[in-house]
Amino acid sequence: MTYFFHTEHLTVGYDGKALIRDIEISLEQGSILTLIGPNGSGKSTILKTITRQLEPVCGTVYLSGRNLDTMHGKELSRQISVVLTERLRTELMSCQDVVATGRYPYTGMLGILSAEDKKQVQQAMELVHVWPLRNRDFGAISDGQRQRVLLARAICQQPQIIILDEPTSFLDVRYELELLNLLRVLTEEQGITVIMSLHELDMAQKISDLVLCVKGEYITHFGPPAEIFRKELIQDLFDLENGSYNPLFGSFEMARPIGEPHLFVIAGGGSGAAEYRLLQKKRIPFATGILHENDIDYQVANDLANAVFAAGSFERIGEKLYHRALQQLLRCDTVINCLRSYGEFNLENKKLYEQAAAAGLRCLESASLL
Amino acid sequence: MEKQTNDYQLRYLICLVLLLALFLLLVFLNINHGSVQLSLRETMAILLGHGMDDTGNAIIWEIRLPRMLASIILGGALALAGFLLQTFFNNPIADPYVLGISSGAKLVVAIVMILALSRWRSVTSSLLIAAAFAGSMVATGFVLLVARKVRRSSTLIVSGMMIGYICSAVTDFIITFADDASIVNLHNWSRGSFSGTAWPDIRVMALVVAVAAILVFLLAKPIGAYQMGENYAQNMGVNIRLFRVLLVLLSSVLCACVTAFAGPISFVGVAVPHLVKSLLRTAKPLLVIPVCFLGGAIFCLGCDLLARTLFAPTELSISSVTALIGAPVVIRMLLKRKARG
């Protein structure tokens, strides 16, 4: 099958020196491909090669079955538009002027805008909600607004593909979400294909149809987010040593405190996660239980606790498990009980707490009291 | 929206009318004023071709008119060259003088002039332009070399000025050891002046500058794209390599033409494009380029008038007047930019 966009043995680099070899990307129209990887791994280099800012060292990029190298600058500019990371410094240009530069491939010799061009500019600006800013100086608006204006510029170029290099770098979370939402609108409503690099892995996981991991000389992983966002893969990709990645949340935990646990946290139902993180900050190693594997606390505990006692999902806490947890508990000197009430499935936690009190351990309700 | 567009067009129109009026006024003053006083009626009579006075005829037709036309043509050329270089280097104070390109042209012209005068006793204006062009290309080459190594714009300007000083120093050496006959000629010219322009020169410079200026105007669209930065321009379909070569060639030709006939003239290339942009409140090349040319012409007409009449009969060098007026404009611009961050 032929893809809308694909690369064959694409090798990218600077001055003929290969940086990343044999990149094979294939994309359907209207999908979002995200490049992730450590800083300096070559994400921008790949994007620049696709936009022909850089010559490929070897290999070919195809768009609708056509070799990109055979396209003229003007033809290419009607196919691919860009939103770059570099800060754009303009002089005496209104936002509308900036967006209108996207019409460049469609205007005549002197670049005078036709009625159709003006309509396209307005539509693009309305789509990303920057039409009210049209007369403002581009240098005097916020980063979030600027990024949307640049997206409008890319849209009114009426491309098949929009390429964005770190589009969310300067944005706070509100604008970040807004921008990424807009990209989805573009792919769904206009069939535009998006290729971008992102630093925010949680966002990449949620917005991408396909993800390309960039690190080292060869591309090791290319696939849908479900295949890419796995614990080991991401930890390897970023060489994580001082922390861990949780694919369910798409987020990271700090490094686990090292040492023999002298503190036991009784938790469950989400009551423990914040306590675990507090203990991590204080660098106190701890054990925790008794959780269920389908508990949100279990996810965090796995990354932060030195010992986790957990029963299978939706199962009763067995006698054996309870005794193991109790043994661990009695080896500790402090107990933090995060639970304020108990249900039928975790009555054992109540028993644990009573045993701790009976054994004369120091009992606290929160790690903040330590 | 509609109203905004109208305001903006109205502003452009008003500016254009005012500048044209100023231009005509200066044209008149330049013809009418000078060390020999002529009445308005006499001047008109001479211009219309029935002047009775031979001296008056000669003064107007052979001295003032060519000189005035030279100020117009070369002033416009300087402003355009400045505008092109500012676009090229993305630096608001780049211009042929600041970057040492004028001085490079001056050096080669001085060499060629001395060689030619010692051999043939005369120099053709096309040879001078060719020499100036070669000189400005070499100087531009140096500046480009520096610009490629160092991205900082202040370094670019400083190295341009250094190139300028070196070229000027070498030119001074050469002049010192030149023939007595050529010295007077060279000395005046190397300080910059519109005086002594003859009709054949006017024809040559008009042709060269007209062709270059039209080409610049036709480049308005890619220049506009290039203002967004090289990468965006490339994505818009601009052939960057070709475009950059064209910019360098055109700015060098314009600068060469000015230097060949009037010597190096400072600050016009920086001050005029800046004044025009602030006046029009836009940087759109399509609108700025024609007004830039007009503005350069006005600036040089005014400065030349001052140079001729301020301490008449002693004449000032044109560069001292352009610097006196242009430099404060540049300083104000830098301060304003600094304030904006």
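Just so you know, these numbers come straight off a predicted model, no measurement behind them. Chain letters run A, B, ... following the sequence lines, proteins first and then strands; every chain starts at 1.
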Enumerate the residue pairs fulfilling side-chain hydrogen bond (donor to acceptor under 3.5 Å, both in side chains) with a member in residues 45-69 of chain A, sequence neighbours excluded, ordered by first and then second residue.
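The answer is A:Arg66-A:Glu75.
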Under the salt bridge (Lys or Arg N to Asp or Glu O under 4.0 Å) definition, can you give me all pairs with a residue in residues 238-250 of chain B, not counting sequence neighbours?
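Residue pairs passing salt bridge (Lys or Arg N to Asp or Glu O under 4.0 Å), neighbours aside: B:Glu230-B:Arg244.
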Show the nearest heavy-atom pair for residues A:Tyr104 and B:Ala225, with the distance to one decimal.
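Nearest pair, atom of A:Tyr104 first, then B:Ala225: CE1-CB, 3.6 Å.
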Which heavy atom of A:Ser77 sits nearest a heavy atom of B:Gly237, and at what distance?
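Result for this residue pair: CB-N, 3.8 Å.
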Quick one: what part of [X] sits under 4.5 Å from any heavy atom of chain B, side chain, backbone, both or neither?
X	answer
A:Ile112	side chain
A:Leu150	side chain
A:Leu76	neither
A:Thr107	both

Best-contacting candidate, [options], against chain B by heavy atom pairs under 4.5 angstrom:
options	answer
A:Met109, A:Lys74, A:Arg103, A:Gln122	A:Met109
A:Arg153, A:His72, A:Arg78	A:Arg153
A:Ala140, A:Gly108, A:Gly102	A:Gly108

Chain A contact via [X] - which portion, at a heavy-atom distance below 4.5 Å:
X	value
B:Pro92	neither
B:Asn231	both
B:Gln227	backbone

Sequence neighbours excluded, which residues qualify as salt bridge (Lys or Arg N to Asp or Glu O under 4.0 Å) partners of A:Glu86?
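Not a single residue meets the salt bridge (Lys or Arg N to Asp or Glu O under 4.0 Å) criterion with A:Glu86.
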Quick one: which residues of residues 274-294 of chain B reach chain A at under 4.5 angstrom, heavy atoms only?
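The stretch touches chain A at B:Lys277, B:Arg281, B:Thr282, B:Ala283, B:Lys284, B:Leu286.
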Enclosure of B:Phe142 CZ (heavy-atom neighbours >12, cutoff 6.0 Å):
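No, the 6.0 Å shell around CZ holds no more than 12 heavy atoms from other groups.
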Side chains of B:Met228 and A:Val98: closer than 4.5 Å at any heavy-atom pair?
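Heavy-atom side-chain distance check passes, below 4.5 Å.
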Between B:Tyr232 (side chain) and A:Leu84 (backbone), is there a donor-acceptor pair under 3.5 Å?
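Yes; judged by distance alone, with no hydrogens or angles, the pair exists.
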